[in-house]
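Here is the naming used below: chain letters follow the sequence lines, and residue numbers restart at 1 for every chain. None of these values were measured; they are calculated from a predicted model. Keep in mind that the numbers below use all heavy atoms, side chains included, and drop hydrogens, waters and symmetry copies.
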Protein chains: 2
Amino acid sequence: MHVTTLCLGALAFGDATGYEINKMFEDGPFSHFLDASYGSIYPALTRLTDEGLVTCRTEQQEGRPDKKIYSLTEKGRHQLGDALGQQLAPDKFRSEFLFTVLFAHLLPRDRVRSLVDQRLAAMKEKVEDLSQADEEDTPGMDFARRYGHAVFAASIEFLERNRHLIEEAAIEEKAHA
Amino acid sequence: MHVTTLCLGALAFGDATGYEINKMFEDGPFSHFLDASYGSIYPALTRLTDEGLVTCRTEQQEGRPDKKIYSLTEKGRHQLGDALGQQLAPDKFRSEFLFTVLFAHLLPRDRVRSLVDQRLAAMKEKVEDLSQADEEDTPGMDFARRYGHAVFAASIEFLERNRHLIEEAAIEEKAHA
DNA sequence: GGATCGATATATCGGCGCTATATATGAGGA
DNA sequence: TCCTCATATATAGCGCCGATATATCGATCC
């Protein structure tokens with residue numbers, strides 16, 4: 001699924017600028033399970049306009065570049081429906097933490113401990129984030145939020161119960177002067 | 001973390017060919033939380049050789065291209081250690097399933113149901129995969145396997161308990177002639 | 001027996017997308 | 001006063017995935 005399709009999805013929630021779409025990936029409803037950045041969003045919006053899947057109206061602003069507000073066309077809405085009907089790619093998960101943990105037996109114990117601590121802190125923050133429902137959310141958004149909550153909660157519980165496994169495997173270093 | 005670093009990591013478990021390294025990402029110990037493909041692995045190995053981080057010996061074969069077996073050098077081992085000491089990128093998770101689910105209220109109920117069924121089947125297979133320990137695994141590999149198991153088990157439980165949320169939101173279609 | 005398919009093994013091309021950067025300004029904190 | 005952050009668009013460079021090319025062997029299938 002290309003960034004163009006993701007942009008169509010973003011616009012299905014209402015008209016938006018490239019800047020606002022970027023925020024949906026950074027902070028917004030997509031942030032926990034999708035990625036896209038300016039370098040792909042702006043070219044995608046241009047391509048979509050060329051293909052008639054979105055339209056663009058410009059709003060003058062002072063001090064800032066003019067806002068370009070994009071809207072889904074009927075053709076674009078249809079195209080999104082098509083994409084959602086196709087075979088979906090399986091989930092992808094990338095973790096440098098787990099890669100690093102593979103070499104726990106080669107790392108100093110302090111390093112492993114700090115890695116786990118950092119990770120626990122980050123995940124607890126995410127769980128906190130995902131705890132509060134929003135009245136305006138679609139059923140799908142609510143579902144995705146709960147899903148994330150469940151997975152992060154399980155991760156935290158696992159980490160707290162099993163961190164000793166890698167910490168014991170790590171290299172104990174003598175206190176250095 | 002670049003593919004070059006991941007290759008160094010792969011070779012830390014023993015000498016290997018590009019083909020074998022690829023398998024580590026496809027089926028092997030890395031498959032659940034990392035991605036890399038021929039298009040990046042082969043060039044990476046060439047670069048690593050140029051920089052003296054790995055060495056390469058060629059083994060003649062009949063019928064197939066000659067095997068190029070790569071080994072980590074001392075310099076390469078050191079470089080890997082460095083990378084593992086740097087600040088790690090946070091986990092990334094990409095799910096077209098969750099993206100699609102955001103639009104559950106716009107999709108036919110059959111589609112949503114089939115999506116959930118497919119996903120449950122795939123995840124149950126993964127849990128099965130991750131159930132069996134391997135004597136030869138490093139402590140880190142064992143930890144990563146258990147971690148994956150815990151997360152997938154939690155996902156399955158969540159999906160089974162909450163699938164009704166999106167299925168009820170979906171569009172009920174009349175039986176078509 | 002012949003055909004097809006999957007595994008073994010290396011390698012490159014095209015194009016997509018991330019990272020960093022450029023540009024410009026107003027608001028708020030140090 | 002200065003710096004950082006938010007707003008807003010845009011591009012260049014480069015890393016990486018997906019598809020493709022090439023070649024052979026063993027297994028399965030009809």
Checklist entry - Tell me the ring-ring contact (aromatic ring centres under 6.0 Å, His included) pairs involving residues 65-95 of chain A, sequence neighbours left out? => result none
Checklist entry - Taking only residues two or more places apart in sequence, or in another chain, which ones meet B/F152 in a ring pair (Phe, Tyr, Trp, His ring centres under 6.0 Å)? => result none
Next on the checklist: Just to be sure I understand the geometry, which residues of residues 17-31 of chain A put a non-hydrogen atom under 4.0 Å away from DNA chain D?
Outcome noted: A/T17, A/G18, A/Y19, A/K23
Item to check | Listed partners of A/E157 passing side-chain hydrogen bond (donor to acceptor under 3.5 Å, both in side chains), at least two apart | outcome: A/R161
Next on the checklist: Going by side-chain hydrogen bond (donor to acceptor under 3.5 Å, both in side chains), name the residues that satisfy it together with B/D15, two or more places apart in sequence or in a different chain.
Outcome noted: B/R57, B/S71
Item to check | All pairs passing salt bridge (Lys or Arg N to Asp or Glu O under 4.0 Å) where residues 35-56 of chain B contributes a residue, at least two apart | outcome: none
Item to check | Inter- and intrachain pairs under salt bridge (Lys or Arg N to Asp or Glu O under 4.0 Å), touching residues 82-97 of chain A, at least two apart | outcome: A/D91-B/R119
Item to check | Exam field: side chain B/R109 to backbone B/I171, donor-acceptor pair closer than 3.5 Å | outcome: no
Next on the checklist: Once you measure the plane-to-plane angle for B/F103 and B/F99, does it fall in the parallel (<30°), tilted (30-60°) or perpendicular (>60°) bin?
Outcome noted: perpendicular
Next on the checklist: What is the distance, to the nearest angstrom, from the CG atom on A/D15 to the C1' atom on D/dA8?
Outcome noted: 17 Å
Next on the checklist: When the axes are fitted on five pairs at both termini, how much does the helix from C/dG1-D/dC30 to C/dA30-D/dT1 curve, in 10° steps?
Outcome noted: 40°
Item to check | Proximity to DNA chain C (any heavy atom under 4.0 Å), residues of residues 78-96 of chain A only | outcome: none
Item to check | With B/T46 via side-chain hydrogen bond (donor to acceptor under 3.5 Å, both in side chains) - residues at least two apart | outcome: none
Next on the checklist: Taking side-chain hydrogen bond (donor to acceptor under 3.5 Å, both in side chains) as the definition, give me every residue that meets it alongside A/E26, ordered by chain and number, with sequence neighbours left out.
Outcome noted: none
Item to check | Residue pair A/H149 / A/K126, side-chain heavy-atom distance below 4.5 Å | outcome: no
Item to check | Donor-acceptor contact below 3.5 Å, side chain B/N162 vs main chain B/F158 | outcome: yes
Item to check | Rounded distance in Å - NZ (B/K67) to P (C/dT10) | outcome: 8 Å
Checklist outcome for this item: Exactly one candidate in A/L53, A/L48, A/L84, A/T73 meets side-chain contact (heavy atoms from CB on, under 4.5 Å) with A/Q79; the answer is A/L53
Checklist entry - What are the residues of residues 32-50 of chain B, sorted by number, that bring a heavy atom to within less than 4.0 Å of DNA chain D? => result B/D35, B/A36, B/S37, B/G39, B/S40
